[in-house]
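Take a look at the structure below.
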2 protein chains.
Amino acid sequence: MKDTQDISRLLRERGARVTPARLRVLALLRSAERGLSHHDIEKALDDGTPVDRVTLYRVLDWLVEQGLAHKVADEQRVFRFSAASTGGEPHQAHAHFVCDDCGKVFCLEDTPRAAPRLPAGFASTQVEFEVHGHCAACNVPVEARR
Amino acid sequence: MKDTQDISRLLRERGARVTPARLRVLALLRSAERGLSHHDIEKALDDGTPVDRVTLYRVLDWLVEQGLAHKVADEQRVFRFSAASTGGEPHQAHAHFVCDDCGKVFCLEDTPRAAPRLPAGFASTQVEFEVHGHCAACNVPVEARR
DNA sequence: TTGTATTTGCAATTGGGTTGCAATAGCAAC
DNA sequence: GTTGCTATTGCAACCCAATTGCAAATACAA
Ligand SMILES: [Mn+2]
Ligand SMILES: [Mn+2]
Ligand SMILES: [Zn+2]
Ligand SMILES: [Zn+2]
């Protein structure tokens with residue numbers, strides 16, 4: 001499969017081992033049109049060899065650590081994961097849009113960043129500019145919703 | 001106390017009973033300069049008669065239900081509560097600093113906001129400018145840490 | 001006061017997420 | 001292809017914020 005090759009390369013580029021769990025999870029995230037919870041992913045992968053609960057948590061956190069996925073706590077305080085759009089370029093460089101309906105995260109490439117002024121003694125490691133709202137797919141007229 | 005009168009009236013307007021828990025919690029939220037977790041509030045109220053854990057959860061949810069407070073899941077997926085704005089500056093109007101060590105949130109009053117440009121069909125309900133890092137209390141020299 | 005619906009306190013439970021550790025399996029070097 | 005090393009996985013136990021069920025207490029209207 002073409003996408004599998006693509007993903008394998010991404011993983012190897014990071015000096016990491018290419019494992020079925022990583023391949024399947026990242027492929028799934030890339031094909032999903034909304035942020036997926038751990039439960040969503042477990043369910044989606046339970047045909048074929050099931051992935052262990054804990055392994056899945058660890059794979060997801062590893063993907064986030066590597067810049068290949070985004071992790072957001074939704075309104076019900078459940079983590080939702082989505083594939084990073086640019087294949088792992090630094091996401092500190094741009095802003096993000098989080099859809100509060102479907103949980104999907106979109107990269108906003110051209111949003112200007114403001115340089116924050118911090119109180120004495122504070123040190124910033126990461127600046128996050130997050131816009132919340134409803135994405136195009138979820139932002140339908142009220143009368144058309146069910 | 002002036003504020004207590006004020007809050008009592010708010011509660012009665014909603015046809016609800018005025019109880020010590022509701023008075024104390026809402027007064028605390030109104031005086032807080034950041035979103036407070038259940039744990040924060042429990043701690044803040046433990047001088048005087050302590051409020052039961054579950055009662056506190058129920059009072060907080062009731063305040064949210066009544067539109068008197070806001071409830072958001074933070075990055076560590078813990079709910080944080082804040083008083084609904086009553087004419088003062090809302091928290092959306094400025095940036096926030098989140099300490100990745102202690103989880104506290106600080107308001108950065110004078111950070112300029114950039115207006116984000118969104119793709120077609122997207123609608124923003126809330127813009128969050130969040131700076132992550134180490135606060136003054138946690139930002140001690142590496143060699144002094146344990 | 002008294003009656004009663006609302007609110008509270010306590011114990012038990014849920015559920016998403018994490019940790020410790022032994023077993024497994026990528027993959028680089030032979 | 002075999003071997004060896006170490007990253008990764010699987011399992012059981014655990015954590016902890018939050019919720020639920022139910023009986024006891026209490027705000028407040030009558
Ligand atoms: Mn991004
Ligand atoms: Mn604020
Ligand atoms: Zn959406
Ligand atoms: Zn701190």
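Note that the coordinates shown come from a computational prediction; the quantities given were computed from them, not determined experimentally. A, B, ... follow the sequence lines: proteins, then strands. Residue 1 opens every chain.
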For nucleotides 23-30 of chain C, 5' to 3', base contacts (B), sugar-phosphate-only contacts (S) and non-contacts (-) with protein non-hydrogen atoms under 4.0 Å give --BBS---
B:Lys71 charged N/C atom sitting above B:Phe81 aromatic ring, 6.0 Å / 45°:
no
In this structure, how many angstroms lie between the [atom2] atom of [N] and the [atom1] atom of [X], rounded?
| X | N | atom1 | atom2 | answer |
| --- | --- | --- | --- | --- |
| B:Leu60 | C:dT8 | CG | P | 11 Å |
| B:Glu75 | C:dG17 | CD | P | 14 Å |
| B:Asp61 | C:dT7 | CG | C1' | 14 Å |
| B:Arg22 | C:dG9 | CZ | P | 12 Å |
| B:Glu42 | C:dC10 | CD | C1' | 14 Å |
| A:Arg80 | C:dG16 | CZ | P | 11 Å |
| A:Lys71 | C:dG16 | NZ | C1' | 11 Å |

Using only atom types and a distance under 3.5 Å, with no angle test, would you say the side chain of [X] pairs donor to acceptor with the backbone of [Y]?
| X | Y | value |
| --- | --- | --- |
| B:Arg24 | B:Leu45 | yes |
| B:Asp6 | B:Asp3 | no |
| B:Thr55 | B:Val51 | no |
| A:Arg30 | A:Ala83 | no |
| B:Arg14 | B:Gln66 | yes |

Phosphate OP1/OP2 of C:dG16: any A:Arg77 side-chain N/O under 4.0 Å:
no
Remember a base hit wins even if backbone is also touched, and classify [X] as base, sugar-phosphate or nothing at under 4.0 Å, heavy atoms.
| X | value |
| --- | --- |
| A:Asp74 | nothing |
| B:Val54 | base |
| A:Val59 | sugar-phosphate |

With rounding to the nearest 0.5 angstrom, report the CG to OG distance, A:Leu108 to B:Ser124.
10.0 Å
5' to 3' contact window, DNA chain D with chain B (heavy-atom distance under 4.0 Å)
D:dA17 to D:dC28
Could you check whether the rings of A:His38 and A:Tyr57 sit parallel, tilted or perpendicular, using 30° and 60° as the cut-offs?
parallel
Please list all pairs meeting ring-ring contact (aromatic ring centres under 6.0 Å, His included) that have one or both residues in residues 7-28 of chain A, counting only residues at least two apart or in different chains.
none
Report the residue (B:Trp62 or A:Phe79) whose heavy-atom-nearest nucleotide on DNA chain C is the more 5′ of the two.
B:Trp62
Over all heavy atoms of both residues, which pair between B:Asp74 and A:Ala73 is shortest? Give the atoms and the distance, please.
O-CB, 3.7 Å
With distance as the sole criterion, do the side chain of A:Arg53 and the base of C:dT18 form a donor-acceptor contact below 3.5 Å?
yes
Side chain A:Arg58 and base C:dG17 donor-acceptor under 3.5 Å:
no
If you find the nucleotide of DNA chain D closest to A:Asp52 and the one closest to B:His39, which residue's nucleotide is nearer the 5' end?
A:Asp52
